[in-house]
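Labels below follow one simple rule: chain letters A, B, ... track the order of the sequence lines, proteins then strands, and each chain is numbered from 1. Computed from heavy atoms alone, side chains included, the values below leave out hydrogens, waters and symmetry copies.
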Amino acid sequence: MIIKDLNHNSLLKENSKLDLEALNLGSFPKRKEERWKYTPLRFLKKINFHNQFNFKIEHLNSLGIPKIDGLVIVLENGKFNSSLSNIIDLMDIELLFLNDGDIVNNSQEPSHKDYFTNLNFSFLTEKVVLKIKPNVNINEPINFVNIISDDNCISNTQFNIDIYENSKLHIRQYFLGSSNSKDGFINHRNQVSLKSQSSLTIDKFQDLNQNFNFCNEFIDQEQESKFIMNTFSASGIILRNDVFNNVNGKNCHSELNGVFAPIEKQHFDNHTTINHFVADCKSFENYKGVIKESGVGVFNGKVIVHQDAQKIEAFQKNNNILLDDESKIYSKPELEIYADDVRCSHGSTTGRFDEEALFYLRSRGISVKKSLELMTLGFINEVIEKSNDSEYKEFVLKRLLKD
Amino acid sequence: MSELLIEIKDLECNIDNQKILQGLNLKINKGEVHAIMGPNGSGKSTLSSVLAGNDNYEVTNGSINFLGEEISEMSPEERSWKGMFLAFQYPVEIPGVSNINFLRTALNERNKYFGIDSIPAKDFLKMVADKSELVGLNNKLKNRSVNEGFSGGEKKRNEIFQMAMLDPKLSILDETDSGLDIDALKIVANGVNKLKSSENATVVITHYQRLLDYIVPDFVHVLHEGKIIKSGDKSLALELEKKGYDWLKTDENI
């Protein structure tokens with residue numbers, strides 16, 4: 001393993017404050033734009049962000065996550081925190097940390113330009129690049145922990161993952177806000193490149209408490225590659241995930257799953273775009289929303305089957321449960337098909353738990369709270385089961401159920 | 001004298017402002033089996049729902065005294081903890097929740113109420129093995145989602161299996177015979193009989209006399225327009241089978 005740890009020079013001057021709207025990064029998204037229709041950006045706009053990067057967390061377990069073994073890369077408030085990390089030597093993996101000046105030299109222009117991408121590239125403070133050599137199968141998950149622990153701190157980070165031919169990797173990403181911090185913001189970008197016959201699974205867990213987290217995610221797939229991402233959104237003032245999955249080679253498998261469980265006016269937003277550019281691929285999407293106490297959920301999934309991309313099988317679904325009258329879901333499954341020989345479906349359901357089922361459980365001596373928990377578990381289980389580690393599953397469930 | 005288990009007095013109840021039960025009286029002692037029969041729409045299923053605490057039904061008058069306590073305002077879960085059990089006519093499917101997890105939760109919730117520790121996994125599994133044998137419940141069904149994809153007969157067996165696990169004081173079997181073939185009926189009835197003791201009682205709600213060949217009642221009651229209009233021993237069920245209900249309805253009118 002090669003580690004390049006470069007000097008940390010702050011890109012921004014000390015004590016400078018960021019007023020998101022005043023920055024010259026293109027126009028700040030407005031609610032009249034379809035993509036930003038539901039995201040309450042006013043909460044972000046009113047914050048004056050700073051970039052004084054302090055390390056405050058002494059132990060990872062103070063963040064309520066289970067003990068993590070193996071390779072652990074920790075960023076805190078936008079900087080690599082070596083004392084929280086566990087950089088073990090894994091052969092076949094190249095790990096680079098690029099900061100500041102190096103980033104400028106190493107950054108390719110973003111292909112997709114929107115405000116938060118521009119913000120990320122302009123104020124980027126840490127970029128982690130992970131490359132796995134060809135023909136390597138790594139079973140132990142690699143952990144990437146991105147923490148915000150300082151009030152009003154903005155963290156612009158990137159994680160590039162390159163999986164070379166015929167290799168296989170599993171990554172767990174944790175986006176965490178410490179429980180005593182507020183109005184911090186992790187504006188993160190994942191850039192994934194999957195070479196032919198490679199495979200990557202990302203389990204992504206978001207638990208930001210009183211902070212914000214936006215993730216822009218770009219996945220490029222070459223032929224016969226397999227990509228699975230499971231996104232579990234447990235807490236945060238606004239969580240927003242924008243996934244762009246470009247399938248450029250034949251016989252690929254792409255799978256996006258998620259559970260989002262906003263409560264108490266939290267706003268969780270999942271935007272996904274799967275681009276099928278070539279024929280003979282399969283994609284699956286399964287997002288579940290469990291929303292209560294004035295929480296707001298958004299699902300906007302788009303599958304585009306381009307011309308000549310024949311024999312595509314694409315299935316997309318979003319099911320939601322609203323636990324009370326004050327909660328909201330905006331669900332928009334979209335299919336755009338320009339080929340004529342495809343099997344595609346999309347669907348969305350929103351409902352409440354069945355009163356009869358609730359009575360049935362209660363009649364067996366299960367309290368209302370526990371009954372709702374059981375039914376919620378039953379509802380999201382299909383997605384939780386995608387993870388095969390029982391300890392991780394249990395932890396994610398606990399946080400999603402706010403137990 | 002046997003000990004009183006439940007006493008229902010002048011029970012009246014509404015659903016959507018429609019009067020269903022209109023002054024029902026019933027006393028059940030420990031160790032007894034009561035059958036409640038009656039034509040469609042007489043209020044049989046309403047009675048079972050009201051006893052189990054379904055809040056779609058509003059009790060407007062009367063009282064339900066269960067083991068010395070008034071329960072008509074009590075939550076369904078609390079009634080269950082005190083020993084009430086309803087075997088549903090239409091057991092509800094609960095997708096994604098395994099039968100085993102469901103029952104373990106039910107037992108632990110009750111233990112919590114009584115301040116007892118959770119049941120150890122080993123004891124729980126032993127109990128599951130013993131009790132499922134009682135109704136010949138297929139091993140696979142125990143790990144499947146509650147009632148999901150079960151056949152009609154499997155659902156009813158699952159109800160009796162749950163009854164065995166919870167070991168209630170009062171079991172109400174709401175048309176447990178509906179949708180069962182003869183073999184399944186015998187198995188279910190056999191299970192119920194094995195669970196019978198001098199400490200508990202069973203109420204069998206049914207349309208047909210057939211079930212009562214297998215679960216023999218001490219008392220048979222006829223429900224009509226929300227009231228019990230006739231009570232007797234098991235011979236009453238045979239008489240009803242032959243003559244129907246009309247002769248009773250006219251009797252009452254006289």
Can you tell which part of [X] gets under 4.5 Å to a heavy atom of chain A, answering side chain, backbone, both or neither?
| X | result |
| --- | --- |
| F102(B) | both |
| S49(B) | backbone |
| N147(B) | side chain |

Quick one: closest heavy-atom pair of [X] and [Y], and the distance?
| X | Y | result |
| --- | --- | --- |
| M375(A) | I94(B) | CG-CG2, 4.2 Å |
| L374(A) | V97(B) | O-CG2, 3.2 Å |
| Y360(A) | V146(B) | CE2-CG1, 4.0 Å |
| I366(A) | E77(B) | O-CB, 3.9 Å |
| S80(B) | S363(A) | CB-O, 3.3 Å |

Under 4.5 Å, heavy atom to heavy atom: which of residues 159-180 of chain B reach chain A? Give them by number, or say none.
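Interface residues of residues 159-180 of chain B: E159(B), Q162(B), L166(B).
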Does [X], at its [atom1] atom, have more than 12 non-hydrogen atoms belonging to other residues, nucleotides or ligands within less than 6.0 Å?
| X | atom1 | result |
| --- | --- | --- |
| E70(B) | CD | yes |
| Y90(B) | OH | no |
| E140(A) | CD | no |
| D123(B) | CG | yes |
| K328(A) | NZ | no |
| K30(B) | NZ | yes |
| E394(A) | CD | no |
| E293(A) | CD | yes |

Within the 3.5 Å criterion, strictly below it, is a donor on S367(A) or E109(B) matched to an acceptor on the partner's side chain?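 Yes.
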| said: Need one label for E356(A): side chain, backbone, both or neither, based on atoms under 4.5 Å from any heavy atom in chain B. | reply: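 Both backbone and side chain of E356(A) come within 4.5 Å of chain B.
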### Counterpart residues, ring pair (Phe, Tyr, Trp, His ring centres under 6.0 Å), relative to Y113(B) (two or more places apart)
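Ring pair (Phe, Tyr, Trp, His ring centres under 6.0 Å) check on Y113(B) returns W81(B).
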- Message: For T60(B), give me all partners under side chain to side chain contact (heavy atoms under 4.5 Å, CB included), at least two apart in sequence or on another chain.
- Response: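 If we apply the side chain to side chain contact (heavy atoms under 4.5 Å, CB included) test to T60(B), skipping adjacent residues, the hits are E12(B), N14(B), E58(B).
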- Task: Taking salt bridge (charged side-chain N to carboxylate O under 4.0 Å, His left out) as the test, write out the residues that go with D324(A), two or more places apart.
- Result: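 Partners of D324(A) by the salt bridge (charged side-chain N to carboxylate O under 4.0 Å, His left out) criterion come out as none, since no residue qualifies.
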**Message:** Quick check for you: to the nearest 0.5 Å, what is the distance between D55(B) atom CG and E355(A) atom CD?
**Reply:**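 It comes to 7.5 Å.
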Practice problem: Side-chain contact test, heavy atoms from C-beta onward, threshold under 4.5 Å: evaluate it for L361(A) versus V92(B) and give yes or no. | Solution: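 When only atoms from C-beta onward are counted, V92(B) and L361(A) do not touch, as no gap falls below 4.5 Å.
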Taking the ring of F359(A) and the ring of F88(B), is the distance between their centroids below 6.0 Å?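 Ring centres of F359(A) and F88(B) closer than 6.0 Å.
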Check: L86(B) main-chain N/O paired with R364(A) side-chain donor or acceptor under 3.5 Å
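Yes; at least one donor-acceptor contact below 3.5 Å.
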